[in-house]
Each structure stands twice: as C-alpha cells, then as structure tokens.
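Only this structure's heavy atoms are used, side chains among them; waters, hydrogens and symmetry mates stay out. Quick caveat, the model's predicted, so the values are computed rather than measured. The chain is numbered in sequence order, starting from 1.
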Amino acid sequence: MDSFINAVTAINGKINGLVWGIPMLVLILSTGILMTIRTGFFQVVKAKVISNETFFAIFKKKSVTKSKDKKAISQFQALSTALAATIGTGNIAGVATAITIGGPGAIFWMWISAFFGMMTNYSENVLGIFYRRKNDRDEWSGGAMYYLQYGLGNKKGMKSVAKVLAILFSVFCILASFGIGNMTQVNSIADAMHTNFGIAAIATGIVLAVIAALVVVGGIKRIGQVTEKLVPFMALAYIAGALIIFFANYEQIPYVFGSIFKGAFHMAAVGGGVGGYVIKRAITMGFKRGVFSNEAGLGSSVMVHSASDVKEPVIQGMWGIFEVFFDTIIVCTLTAFVLLSSSSSAAPQSQVFGNLTTSDQVFSIAGHIEDGEEVPLIDEKYNLLAIDVDNNGNAKLFQEKPEEGEYIELSAYGNRYYAKMVDVENTTEEDYVYTNIMSIRANAAKDSSGAVLKDEAGNMIVDSVTVSQINGVSLVSYAFSRRFGAVAGKLLSVAILLFAFSTVLGWSFYGTKAVEYLFGTKATVAYKVVFVCFIVVGATLNLSLAWSIADTLNGLMAIPNLIAVLTLSGTVIKITRNYTKRKLNKNPERLKPMLSAFEDIQKVQELEMEQEV
C-alpha cells in the first residue's frame with residue numbers, strides 16, 4: 001500500500017509541477033495582460049464606474065442585494081458566494097507561505113497577478129452571463145463548460161474539441177470540489193478545533209456535515225442567503241483585527257512597503273552563490289499564491305456569478321473585478337502587513353539550544369541580528385537553520401562529538417549533545433526562509449519495549465530533535481498574538497472555521513453545476529449527498545496527498561478555461577464596447593444590447609429591461 005501511495009505521490013508531483021509551473025503561471029498572467037490591453041485598461045479607466053456599480057451599489061441600489069427572480073440570486077449574493085469560495089485559508093496561510101518562501105517581495109508580485117487577474121475574472125464573468133442557459137428547473141446554469149460548448153464550439157471545426165474540453169473541465173471541477181473544496185478545508189477546521197478547544201475531529205465533522213446538508217440541499221438560493229450574511233461578517237471581523245494592528249504599527253508603514261518593493265527586485269544570490277536568485281522565488285510565489293487566493297483564470301467562480309439575476313454581462317464582469325480587488329489587494333495585503341510589521345518575542349537560538357525539552361520551544365534563527373535588538377517576525381534577509389535536518393525536520397543527536405564535520409552543541413535535561421550543522425556551501429534556495437522563528441523539541445530515547453531511557457542521575461536521555469517551520473496559519477496566529485495575546489489563536493481558529501466552511505459551501509455549488517452539465521439536474525441530488533458525507537471523511541483523515549491531488553485538479557481546470565477566454569476574447573471586447581457606447585459614453589448610442597448568445601434569452605432579457613425602466 002505504501003508503495004502505491006508513493007507512486008501516486010510521485011506521479012502527482014510531476015503533473016503538479018507542470019500544471020503549476022512557470023508556463024501555466026505565464027499563461028494565466030498573459031491572459032490577464034491581453035484582456036487588460038484589449039479593453040484599454042478597463043479596471044483602471046472605469047474604476048469609478050466599477051466602484052459605483054459594485055461596492056457603493058450595495059448601499060444605494062436595492063436591486064443589487066434583493067432578487068425578484070425566485071430562481072436566481074442577487075448580484076451581492078453571487079459575489080458573497082464567490083468570495084466564500086476564495087476568501088479563506090489562501091488569504092491567511094497562502095500569504096504567510098508566499099512571504100516565508102519568497103520574502104516580502106512576493107507580495108508585490110501578488111499585486112501584479114491581481115491587477116491583471118481582475119480582467120481575466122471580468123472576462124470569465126462576461127462570457128458566463130452571455131452563454132448561460134436555463135435548466136429544466138428554470139435556474140440559470142453557466143460556467144466555462146457552457147462558453148466552451150456554445151462559444152468556442154461555434155467556431156469553425158471546433159465543435160468536437162470544445163465539447164471534449166467542456167467535459168474535461170467539468171470532471172476536473174467535480175473531483176476538485178471533493179478535495180480543495182471539501183475534505184482539505186474541513187480537515188483544517190477539525191485540526192484548529194482540536195488544537196485550540198480539544199474537540200474531537202469526528203465530532204467536528206458530523207456537526208459540519210449536518211449544517212452543510214441543511215444549506216447545500218437547499219440549492220443556490222439558500223447558499224446565497226447564508227453567504228451574504230456569513231461573508232461580510234467574517235471578512236469585516238478579520239479586517240477589523242488586521243486594521244487594529246495596522247494602526248498600532250503605523251510607524252512600520254515605510255519599512256513594510258519598502259521591504260515589499262525592495263524584495264520584489266532584489267537580485268541577491270543564495271545557497272553559497274549556486275542557488276539561483278531571490279527575485280525568482282519572489283515572482284514565483286507571488287504569482288502562484290495570488291492565483292490560489294483569487295482563483296482568477298481557474299473558471300470556478302464564474303459558475304456562481306452566472307446564477308445572478310443580472311442582465312448586463314458587463315455588470316457581472318465588474319463584480320468579478322471587485323472580487324479580485326477585495327480578495328487580494330485588500331485582504332491579502334492586510335495579512336501581509338500584519339506579518340511584516342510584527343516583531344518576534346522568541347528566545348535567542350543559543351538560549352533555547354542550551355535547555356531543550358520534549359515540549360515545543362520557539363526560537364529565533366536570525367543570526368545577523370545582535371542580542372538585545374528587536375527581531376522582526378519576517379526579515380528582509382533570508383535565514384538558514386543551523387542544524388542539518390532530514391525531510392521530516394529531524395536531526396540525530398550524538399553524545400560524543402564526531403571527529404568529521406561541523407557540529408553544534410545542545411543541552412537537554414542536564415546532558416550535552418551534538419547535532420550536525422548544515423553545510424552552507426551545499427545549500428540551495430529551498431533551504432532558506434524569511435521567517436525569523438522556528439520551533440524545536442527533543443525526542444526521548446526509548447528501548448525496544450518503548451520505555452524512556454534515563455541516565456545514572458535519573459535524567460531523560462534524548463536521541464534526536466525535531467525542528468518545525470512556523471508557517472501558514474500558525475505564523476499569522478503568532479503575529480496576531482503579539483497584539484491580542486493568547487486568545488488570538490482561538491479567535492483565528494474561529495476565523496478559519498468560517499473561512500473554510502464558506503469555501504465548502506461555494507465549492508458545493510461549483511460541483512453541483514459540473515454534475516448538472518454532465519448528467520442532468522436529477523444527478524445533483526446524489527452528488528450533494530456524497531459531498532456531505534465526504535465532510536465527515538475529511539475531518540478524520542490525514543489529507544496531505546489529497547490536498548496535493550486536489551491542487552493539481554484545480555490547476556487542470558484552468559487549461560480549458562483559459563483556452564476559451566483567449567479564443568473568445570473578441571466576444572468579450574464586443575460586449576464591453578456595446579455596453580460602453582450605450583451606458584458610459586457622454587453621448588450614449590441607441591444600440592441593441594448584447595445580453596445573450598441565444599435569441600430566445602436575448603428577447604426575454606430585453607423585454608424585462610424595458611419594463612424596469
């Protein structure tokens with residue numbers, strides 16, 4: 001069984017490397033750049049119009065928050081459901097990972113990916129509304145599979161190819177919904193609840209499954225009703241906490257943004273001069289985590305945007321722009337500021353290494369900072385752990401110092417030990433991090449029966465140490481605890497619960513629509529039942545491999561979607577120009593609106609628009 005899992009892991013690793021490699025990131029970014037140029041930098045030139053039609057419209061236009069259509073959801077509910085699936089662990093753990101590996105400069109490249117990603121998301125939403133259809137329940141059904149089949153499929157000689165791509169997209173979406181949209185999210189919740197509140201994973205899974213069933217079975221209307229209340233609450237609560245830290249650390253503003261811009265173009269070599277350039281890591285992590293955070297280019301959120309009661313494709317496209325802006329430019333930036341402006345209270349490495357215990361101890365690895373100086377949580381300079389550890393973070397301890405090699409001295413329970421030091425000249429960029437803290441614990445030596453070994457004085461003997469990188473949610477929790485104390489971990493656990501569970505709700509709809517496209521509306525009932533059952537499974541299993549596979553499937557969704565967006569870019573431009581001439585020019589032209597690719601829907605939408613005037 002282990003050999004099978006190892007084989008699957010190896011195969012998935014290679015596919016994942018291709019799917020999320022440089023070519024894919026370039027494809028996603030270039031799509032956004034193309035749409036930005038072809039629309040004349042729409043997200044900048046029409047920024048005022050976009051804000052008036054989205055954020056400010058929430059408070060001014062009742063039609064934005066309330067839908068008269070019993071089978072559709074409002075524009076705000078569509079945004080909330082889309083944000084429910086994107087605002088989550090990516091905004092917390094994703095940002096922390098980007099900074100830890102890529103340094104502060106990764107945030108700049110995350111901004112770049114978001115700037116151009118706005119127009120990718122805009123294009124997806126425009127196409128989603130234009131090519132959506134009504135199912136046999138009179139509900140809107142749209143997404144990449146529909147503009148692939150009816151958009152790309154209408155081009156000469158592309159009907160069969162488009163259908164195959166639509167099917168592949170739907171299959172990848174269904175499989176991804178169980179992984180990145182279900183089990184992995186629930187696993188994060190269960191882990192946080194157990195760590196901070198002692199709640200058993202199975203109990204968390206059952207409770208979440210019951211709640212999800214009540215929401216998911218009710219369809220998009222009920223999902224929209226829940227997310228329109230949950231998303232603003234969780235987002236505002238998290239933003240409020242981040243803003244408190246922002247204003248408390250306002251003196252750090254020049255340092256934070258200076259380190260971001262400096263790190264974005266920092267051409268320093270690492271790993272003894274052979275590990276490559278820092279800027280490469282910053283760009284790669286910034287783009288990758290930016291895409292993970294806002295999902296622009298993956299073709300996921302367009303499915304829920306297509307369920308909106310909006311008639312103008314461009315209006316829903318504007319909501320797509322706002323979605324990426326809020327998700328990445330606002331939430332991710334605040335998370336980054338919290339991390340970059342916080343200091344570390346960790347004890348110096350020498351102090352912790354001189355008194356190791358079997359409990360985790362946080363220590364500072366910032367060797368270039370003098371004793372007594374304040375240690376920033378995230379450094380402008382990269383750091384290297386002194387101890388040479390294996391892939392699991394373990395290092396063997398010796399009671400006698402070996403003659404060959406460099407060793408560092410440690411103490412535990414009154415005994416002296418030696419651990420092999422890392423060979424700086426043979427390190428690569430993968431060995432360096434920008435965080436200044438790690439945790440370490442000693443591991444007790446045991447005999448064949450499992451009994452702990454002790455020396456003549458009765459002191460415990462240890463045979464290894466485990467060093468853990470503090471990253472992801474743990475790193476953000478540490479930063480928040482510097483301002484709010486120990487309660488920060490529990491508060492962030494609740495935030496993770498809300499973020500991750502809302503992601504589950506959003507992805508349940510994506511999977512439902514993919515199943516509906518492939519097998520019809522009747523099959524969606526079975527899918528929802530299975531989806532809810534997998535919540536319990538996800539809460540109780542170790543899902544490291546499942547997360548990796550789901551990550552791959554999520555990336556595979558982008559390939560057919562981006563093919564459609566690029567080949568149908570001309571349609572997006574025509575729809576945008578049509579709307580601009582009718583609504584945004586100083587002298588509006590009387591043109592037939594481009595609302596749908598299907599004449600029957602076009603006529604109904606035009607008639608309803610006339611009645612609303």
Using the side chain to side chain contact (heavy atoms under 4.5 Å, CB included) rule, take Val44 and Phe115 through it: C-alpha gap first, then chi angles, then the decisive distance, then the call. CA-CA 9 Å; Val44 177; Phe115 177 77; 3.5 Å; yes
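- Between the CG atom of Asn154 and the CD atom of Gln149 there is a distance of 9.5 Å, given to the nearest 0.5 Å.
- Note that CD of Gln316 is 5.0 Å distant from CD1 of Ile129, once rounded to the nearest 0.5 Å.
- Ionic pairing of Glu606 and Lys603 is not present here: no N-O contact between side-chain nitrogen and carboxylate oxygen is shorter than 4.0 angstrom.
- Ring geometry for Phe337 versus Phe257: interplanar angle of 30 to 60°, hence tilted.
- In this structure, Arg132 forms no cation-pi arrangement with Tyr146, as its terminal cationic atom is not both closer than 6.0 Å to the ring centre and no more than 45° off the ring axis.
- Put simply, CD1 on Ile107 and CZ on Phe261 are 11.5 Å apart, with the number rounded to the nearest 0.5 Å.
- The closest side-chain heavy-atom distance from Leu334 to Val338 is not below 4.5 Å.
- Aromatic ring pairs are classed by plane angle as parallel below 30°, tilted from 30° to 60° and perpendicular above 60°; the pair Phe598 and Tyr131 is perpendicular.
- No side-chain heavy atom of Met594 sits under 4.5 Å from any side-chain heavy atom of Pro313.
- Under the 3.5 Å distance criterion, the side-chain polar atoms of Asn578 are left unmatched by any main-chain donor or acceptor of Lys574.
- Side-chain atoms of Asn249 do not come within 3.5 Å of backbone N or O of Gln252 as any donor-acceptor pair.
- Heavy-atom minimum distance, Gly511 versus Ile174: O-CG1, 4.1 Å.
- Side-chain contact between Trp319 and Ile50 is absent, with no heavy-atom pair separated by less than 4.5 Å.
- Geometrically, Lys60 engages Phe56 in a cation-pi contact, judged by NZ or CZ lying under 6.0 Å from the ring centre and within 45° of the ring axis.
- With salt bridges taken as basic N to acidic carboxylate O contacts below 4.0 Å, none links Glu516 and Arg133.
- In this structure, Trp140 contributes its side chain and Asp309 its backbone to no donor-acceptor pair below 3.5 Å.
- Between the Thr567 side chain and the Ala564 main chain, a donor and an acceptor come within less than 3.5 Å of each other.
- Side chain of Asn121 to backbone of Gly320: a donor-acceptor contact under 3.5 angstrom is found.
- For the pair Glu124 (side chain) and Gly297 (backbone), a donor-acceptor distance under 3.5 Å is present.
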Would Phe169 and Leu556 satisfy side chain to side chain contact (heavy atoms under 4.5 Å, CB included), going step by step from the backbone distance to the final call? CA-CA 8 Å; Phe169 176 87; Leu556 287 171; over 6 Å; no
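- The heavy-atom pair separating Gln605 from Val310 by the smallest distance is NE2-O, 4.1 Å.
- Under a 4.0 Å N-O distance rule, the pair Glu608/Lys311 qualifies as a salt bridge.
- A distance of 5.0 Å separates OG of Ser300 from CE of Met557, quoted to the nearest 0.5 Å.
- In this structure, OH in Tyr510 is found 7.0 Å from CH2 in Trp507, a value given to the nearest 0.5 Å.
- Considering only heavy atoms from C-beta on, Ile33 comes within 4.5 Å of Leu29 through its side chain.
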Quick one, Tyr122 with Val126, criterion side chain to side chain contact (heavy atoms under 4.5 Å, CB included). Give me CA distance, side-chain angles, the key distance, then yes/no. CA-CA 6 Å; Tyr122 167 87; Val126 168; 3.7 Å; yes
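- Aromatic ring orientation, Phe108 versus Trp111: perpendicular (interplanar angle above 60°, classes split at 30° and 60°).
- Ile378 approaches Tyr255 most closely through the heavy-atom pair O-OH, 3.5 Å.
- Interatomic distance, CD1 of Ile239 versus CD1 of Ile330, reported as 7.0 Å (0.5 Å rounding).
- Of all the heavy atoms in Thr120 and Thr31, the pair that sits closest is OG1-C, 4.0 Å.
- Environment of CZ in Phe55: sparse, with no more than 12 heavy atoms of neighbouring residues, nucleotides or ligands closer than 6.0 Å.
- Pairing each heavy atom of Ala296 with each of Ile28, the nearest pair is O-CG2, 3.8 Å.
- Listed here is the closest heavy atom pair of Leu340 and Ser259: CD1-OG, 4.3 Å.
- For the pair Thr36 and Phe42, the minimum side-chain heavy-atom distance is 4.5 Å or more.
- Checking Lys513 against Ser141 by side-chain atom types alone, a donor-acceptor pair falls below 3.5 Å.
- Panel note: side chain Thr335, backbone Val331; a donor-acceptor pair is recorded below 3.5 Å.
- Under 4.0 Å is where a charged nitrogen must lie from a carboxylate oxygen, and between Lys583 and Glu589 no such pair does.
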Criterion side chain to side chain contact (heavy atoms under 4.5 Å, CB included) on Thr54 and Ile321, from CA distance to verdict: CA-CA 9 Å; Thr54 55; Ile321 292 174; over 6 Å; no
